[in-house]
Amino acid sequence: DESDESEEGDDDDDDDDYDSDDDKPLAAMSSSSSSKKAAVKTKLKIKIRASPEVPKKVKREDTKPRKAIKEDPDRKKPAKKNTRELKKLDKTERLQYAMQAFLWWEAPVLAEGVNWSTMEHAGVSFPEDYEPHGVKMLYNGTPVDLTPAQEEAATFFAAMDPDGMHLGNPKTAPIFIKNFFADFKGILGRQHVIQKFEKCDFSPIRQHLNEQKMIRKAITDDEKKANKEDRNQVLHRFGFAIVDGHIERVGNYNMEPPGAFRGRGEHPKMGKLKSRVAPEQVSMNLSECAAVPKCPVPGHAWGDVRHDPRGQWLATWKENINGQSKYMQLAAQSSFKGKSDRSKYSKAGLLCKYITKIRKSYKKDLKNKNVETRQLATATWVIDRLALRVGGEKDTDEEADTVGCCSLRVEHLTFDPNDEGIDNKEIELEFLGKDSMLFKQTIDFGAEMYNQGEGGLGNQVFENLKAFCKKKKKTEEVFHAINPTMLNAHLKQFMDGLTAKVFRTYNASKTLQEELRKHETSPLWANLSATEKVVQYNNANREVAILCNHQRSVSKAQETQLESIGVKLATLKKQRKQLKAIGRKLVAGDSDIPLRKSSQAMDEDVKAALAKAKRMKEAATTKEQKIKATEADEKAKQKKRDLAQAKFEKAHLWEKVPSQDQVKKRIVAWTAKVAKMELDLKHKDDNKEVSLGTSKINYMDPRISVAWCKRNEVPIEKIFSKTLRDKFNWAMAVSPDWEFNESIGNEA
DNA sequence: CTTCAGGACTCAGAAATGTGCGG
DNA sequence: CCCGCACATTTCTGAGTCCTGAA
């Protein structure tokens, strides 16, 4: 410890040597000078513990690169030697290299149930205190004085979009308002003038917020840069942790700000005020030997400091709406998440080995005399074939009423939905699943696809479901005799660690692999370009997303966009018709040909307006000027759009009388345009409600995609974004013939 | 030993933000 | 070559699943 002390001064000086705090290395080290000493000290300790071969006395000029790129000895040396010639890496880049250099899957494994031996981080970053704006809401038409806390609450409500998913929905708006107002009144106190929501008028605050938005829109490029720099500062202070001597990204290092609770679906608590979390409510998890990070809020301290290496979490606190725990954890590209992810997929791969046995078992048990056994078998079929979630019990006073397999109620099943008669084996399943997403499918249990192969027992499952629903009230559970715990216990008999959710991973990965293979074996495949192959990949991805019922709601913007494409399409068709008429006129020698005027004057008009708005933006210093500038800018842009629209409507015409040949050519061009747009529209319409991302991020084994890319010479960048490549770094080295099957179960 | 609440993690779509392409 | 817009990506935090440990 003594020698550590003596180094500390050294290291401190060193920090000050280099130019700015942009260069200060890690999280813990960039806190203000008082905590710096402690942090530096511990950091060195860790270094020594983690890698005993590092000499105790670190030379001053050696310190900087080692901190940033210490994981990569090959990179360190040349970078050091050539400092003058090479472009200096900025801090973000150095950290990036340091993180990439650590390949956790090649590192020694820790003891069972332990996630780390040393861990240090900078704690949680807290949002700024509330800054009162002084804009008064109206009650009964008169302005009301509010304390900052009261004003803050009013502002949370004013910030809600009146047409958004909470207040715009007539089913949820009353819940939201009731909850909000109850909490608001709690802050106001009993004696307050504000008593009835109907008499409240938040529009002055709403208007103020809109103004603020306008002001923010008017920022110059320099200000934008400065904002980004600020965010980077926070990232560099809080965004990194050191786990067992390796730098790792922290996921959610920003404390959730207070606001109105935005529950999904018909959440009974939406609109309640989510309160500001104080450092005292937050517990830290880090090494015993690590410096406790300085609490970033002046005058406050962390609630608790724990040292639990079994946990992945860095900090935890409780939210006040449902009393549930929230966590600060490492980011998706970290070793913690990577390890869990790989073991998840390996477990799913291992299911390949046991699936036949499981299907044979439920085939037998579907007819078992014992209700419990029969329900377990039927539920397993549903989870296996329909990819439903297990469906835990929910308290509808506290949470939205959503269901999964075990919690399905009689009312969610409609037998013979189309009144087709006795032989009909269709059931319409209609219920709200996770996130209140609608599951609405008519399953024909008599269909071939549900009666073929080892899992095909549709007819029997249909009989069972019918029997389970018999003599029950609408609100009773279909699978009354079982629950998720029993179901999972049942599944564990077949395979170690098997639970209901593994089936979703298994089926998603399996489906992706099979869908991809289908195309690869077709004779024309080899001729396709990489882009065309990617289209097929996305089609396979779509199959998985549909299987898992991953949806997205169509936003207003998308809706109007689709509409406008429709209008454009109609215009194009009309234009083509007109072109044909012009062609006929030309043949007949008719000289009455519609022409278009030059738009030059209007073009310049629009240009001038835009330029003026830009000048206003740059010159604006006061609030009013900024708002004016943004308004002028928007006006000019609208003008431009209008002009573009007008131009588009006349785009098929000429300024001078065209030749017959010109007209012919243009008709061909317009036909192509129409065809392209029709296809585009159909494609957009088909996909507007399917969300591909969720299955890509959570369900499809990335090694299937990587191997496919390698086999087909498709660059991985076309399939996985940067973050996804980082998240799946452990999967990048698989061979082109890698397969998702039971053999991958080893790492589970 | 059993039960069950709550702790700890994965999975989810909306919203915010970034980017690249076509006019 | 530039600029706006459509589309892609990232951030945010709510909503599930599953298991553990306390009573």
Side-chain angles (χ1 to χ4, degrees), chain A residues 113 115 161 164-166 224 227-228 231 251-257 259 261-265 267 269-270 274 283 285 308 310-313 316 318-319 321-327 329-332 336-337 340-341 343-344 389-395 398-400 402-407 432-437 483-485 487-489 491-492 497-502 504-505 508 548-555 557-558 561-562 564-565 607 610 614 633 636-637 640-641 644 647-648 651 680 684 687 689-699 720-724 726-727:
Chain A
N115 283 305
D161 178 1
M165 60 183 275
H166 298 96
K224 226 182 226 169
N227 285 345
K228 191 164 184 186
R231 260 179 290 144
N252 51 332
Y253 51 84
N254 285 323
M255 173 53 71
E256 297 175 14
F261 178 71
R262 293 152 121 95
R264 308 283 182 92
H267 197 295
K269 293 192 175 178
M270 65 164 61
K274 196 172 94 167
S283 298
N285 192 23
D308 185 359
R310 291 168 305 175
Q312 296 186 0
W313 56 275
T316 183
K318 280 204 171 154
E319 48 91 7
I321 305 291
N322 293 303
Q324 279 166 350
S325 304
K326 295 249 181 179
Y327 301 86
Q329 297 198 327
L330 292 186
F336 289 179
K337 300 293 179 194
S340 320
D341 232 25
S343 106
K344 171 181 78 185
R389 294 184 189 80
V390 69
E393 202 183 356
K394 290 187 82 182
D395 180 351
E398 307 282 317
E399 305 159 281
T402 63
V403 297
C405 179
C406 290
S407 47
L432 297 180
K434 183 176 179 181
D435 283 276
S436 293
M437 299 314 287
N483 61 40
T485 310
L487 183 59
N488 283 334
L491 293 174
K492 285 209 172 51
L498 183 63
T499 60
K501 84 187 201 48
V502 179
R504 271 169 81 82
T505 316
C548 296
N549 199 39
H550 290 144
Q551 301 179 359
R552 57 178 180 182
S553 48
V554 187
S555 70
Q558 282 174 299
Q561 193 199 323
L562 277 171
S564 83
I565 294 177
K607 235 181 224 170
L610 281 170
K614 198 171 180 183
D633 191 48
K637 278 175 186 163
K640 194 178 171 180
R641 276 194 292 269
K647 270 185 173 175
F648 177 76
D680 206 44
K684 279 203 177 108
N687 296 320
E689 288 178 325
V690 186
S691 161
L692 303 188
T694 309
S695 49
K696 208 186 229 179
I697 296 167
N698 301 303
Y699 285 104
F720 287 159
S721 67
K722 175 86 182 70
T723 34
L724 237 40
D726 284 343
K727 174 181 156 89

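Quick note on labels: first sequence line is chain A, next is B, and so on, each numbered from 1. Every value quoted in this text rests on a predicted model; they were computed, and no experiment measured them.
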Looking at A:K434 and B:dC11, is any side-chain donor or acceptor paired with a base atom of the opposite kind under 3.5 Å? yes
Among [options], the one nearest [X] by side-chain distance:
X	options	answer
A:K326	C:dG16, C:dT13, B:dG13	C:dT13
A:A500	B:dA8, B:dG13, C:dC18	C:dC18
A:K492	B:dA12, B:dT10, C:dC19	C:dC19
A:K394	B:dG13, C:dC19, C:dG16	C:dG16
A:T505	B:dC11, B:dG18, C:dC18	B:dC11
A:S721	C:dA15, C:dT10, B:dG18	C:dT10

Is there a side-chain contact between A:K274 and the phosphate of C:dG14, meaning an N or O under 4.0 Å from OP1 or OP2? yes
How is [X] classified with respect to the nucleic acid when contacts are heavy atoms under 4.0 Å: base, sugar-phosphate, or nothing?
X	answer
A:Q312	sugar-phosphate
A:G693	nothing
A:G323	nothing
A:R389	sugar-phosphate

C:dC19 P sits how many Å from A:N483 CG, rounded? 13 Å
